[in-house]
Amino acid sequence: MQISFSPQDHAFRRTAREWLLANVPRDRAPHSGRPARDFALAWLARCHAAGWSGISWPDEYGGRGLSQERLIIWYEEYARARAPSVLDCTFVALNHAGPTLIACGSDEQKAFHLPRILAGQSIWCQGFSEPGSGSDLASLGTNGRVEDDHLVVNGHKIWTSFADIADYQELLIRTEPGSKRHQGLSWVICDMKSEGITVRPIENMAGAVHFAEVFYDNVRIPLSNVVGDLHDGWRVAMNTLAFERKIAAIGLQLELSVKVEDLIDLASPPRGSSMADRLATLRAEAAAMRAMTYRTMLRDPATSSDGSLVRLCFAELAQRVHRAAMDILGPDALVEGSWTHDYLESYSETIAGGTAEIQRNIIAERILGLPRTRHP
Ligand SMILES: Cc1cc2nc3c(=O)[nH]c(=O)nc-3n(C[C@H](O)[C@H](O)[C@H](O)COP(=O)(O)OP(=O)(O)OC[C@H]3O[C@@H](n4cnc5c(N)ncnc54)[C@H](O)[C@@H]3O)c2cc1C
């Protein structure tokens, strides 16, 4: 796909490239805990101070209202500069909590939270999944009872990334007693310091502590923290998931494209023609994935299901890229740090944000028009 950039776009690219060259931290970001939080917030605050945070958000919410083309340029340069991964603990706030508030939040919610997100002053996490309610999100049971001007929340979430270091949570709960599935849910802003919240971190197979279980024991949340209308949380959550699968894709995918080039360097000279073929295929697949993402971003109107195409393509390619890295490194993978860590993490790509099977179901039903999955 050919995108045409104006002379002003090229000037913008040069400015971005120069700023990134002078400012990208040299240290590798810590994986988890307070060090990860401090590192990510300091980097975001630095971007913000120079006008590089939320560049496509509307001016009125602290962004620069720049076009999708400029956003593409920014992320191309960001990846090229090997800046800190966009998939850090600021990911939820910047890529789906903030955009959800812009789309569905009240004026007060936007005025309070959006400037803090962009300035690197708050970390958000996502409390959607529960034990037994991951793919089948509509079956969730954590509930909020309306009591005067508060919700009193009880229940249990799981796999909540960065819950241990987050300030706020996008929390999806059942607020209408007796309601079933998509009905009667609400999307609320939960202050993670509220009384009655217990966070129990979970270590993943890469040895990192990214996610946690979260328990709610009579947690009081003001009704003014409901985003959208009370009991209208499914609609709001679908906005969140569309942002998570689509907007978020661009930074991650460009990062992966740069990784493919790093992999080609790692393999040079490739041992045997089959590895050379494999690397050439990965480079072509990365280019195809980028073209699909750009097309999705620039298509007007885009559909909310487009995100599943780019998410699925990215997730499976990321696994193939890291598998190739292990084959190139061979026994050296045992002593090498970052490729091996990222290889172990890549297993989660086809689970997080909706599994590969669920993305395929969405593509089948909503894009290809095949019959819908029946729920009991
Ligand atoms: C790294 C990581 C970070 C995460 N972060 C968060 C977070 O911050 N917040 C949050 O809320 N959640 C988070 N999750 C949870 C994630 O959204 C769920 O793990 C995911 O939705 C799958 O749910 P589950 O684990 O309950 O698996 P299940 O839904 O039990 O699925 C088990 C298997 O059955 C398959 N399956 C289920 N239903 C169908 C179907 N209808 N058709 C075909 N196959 C099906 C699935 O594809 C999967 O292979 C994270 C997960 C990971 C791995």
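Note that these values count all heavy atoms, side chains included, but never hydrogens, waters or copies made by symmetry. The shown structure was predicted, so the numbers you read here are calculated from the model rather than taken from an experiment. For ligands, and for the atoms within them, numbers begin at 1 and follow the listed sequence.
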> Under 6.0 Å from the six-membered ring centre of Trp52 and within 45° of its axis: does the NZ or CZ of Arg64 meet both?
Replying inline: yes

> Do Glu316 and Arg360 meet the salt-bridge criterion of a basic N to acidic O distance under 4.0 Å?
Replying inline: yes

> Which of the atoms in ligand 1, numbered in the order shown and given with their element, are less than 4.0 Å from a heavy-atom of Ile358?
Replying inline: 38 (N), 39 (C), 40 (C), 41 (N)

> Can you check whether Thr355 has an N/O within less than 3.5 Å of an N/O in ligand 1?
Replying inline: yes

>> Quick check with a 6.0 Å cut-off and a 45 degree axis cone: is Arg37 positioned over the face of Phe162's six-membered ring?
In response: no

> Salt bridge check: are Asp262 and Arg82 linked by an N-O gap of less than 4.0 Å?
Replying inline: yes

> Would you call Arg311 and Glu244 a salt bridge, taking side-chain N to carboxylate O under 4.0 Å as the test?
Replying inline: no

>> Using heavy-atom distances only, which candidate in Gly134, Pro131, Ala352 approaches atom 52 (C) of ligand 1 most closely?
In response: Ala352

> Considering only heavy atoms, which of Gly353, Ser129, Ala163 lies nearest to atom 18 (C) of ligand 1?
Replying inline: Ser129

> Under a 4.0 Å N-O cut-off, is there an ion pair linking Arg323 with Asp327?
Replying inline: yes

>> With heavy-atom distances below 4.0 Å as the criterion, list the atoms of ligand 1 near Phe128.
In response: 11 (O)

> Looking only at distance, does Ser135 have an N or O less than 3.5 Å from an N or O of ligand 1?
Replying inline: yes

> Which atoms of ligand 1 have any heavy atom of Asn361 under 4.0 Å away?
Replying inline: 40 (C), 41 (N), 42 (N), 43 (C)

> Going only through I, L, V, M, F, W and Y residues with side-chain contacts under 4.5 Å, is there a path from Leu185 to Val227?
Replying inline: yes

> Hey, does the Lys NZ or Arg CZ of Arg116 hover above the aromatic six-ring of Phe112, less than 6.0 Å from the centre and inside 45° of the axis?
Replying inline: yes

>> Pairs of nitrogen or oxygen atoms closer than 3.5 Å, one from Ser348 and one from ligand 1: do any exist?
In response: no

>> At under 4.0 Å between heavy atoms, is it the side chain or the backbone of Phe211 that contacts ligand 1, or both, or neither?
In response: side chain

>> Among Ala208, Ser161, Gly354, which one puts a heavy atom closest to atom 3 (C) of ligand 1?
In response: Ser161

> If hydrogens are left out, which of Glu357, Glu170, Lys157, Gln359 has an atom nearest to atom 49 (O) of ligand 1, that is, the closest non-hydrogen atom?
Replying inline: Glu357

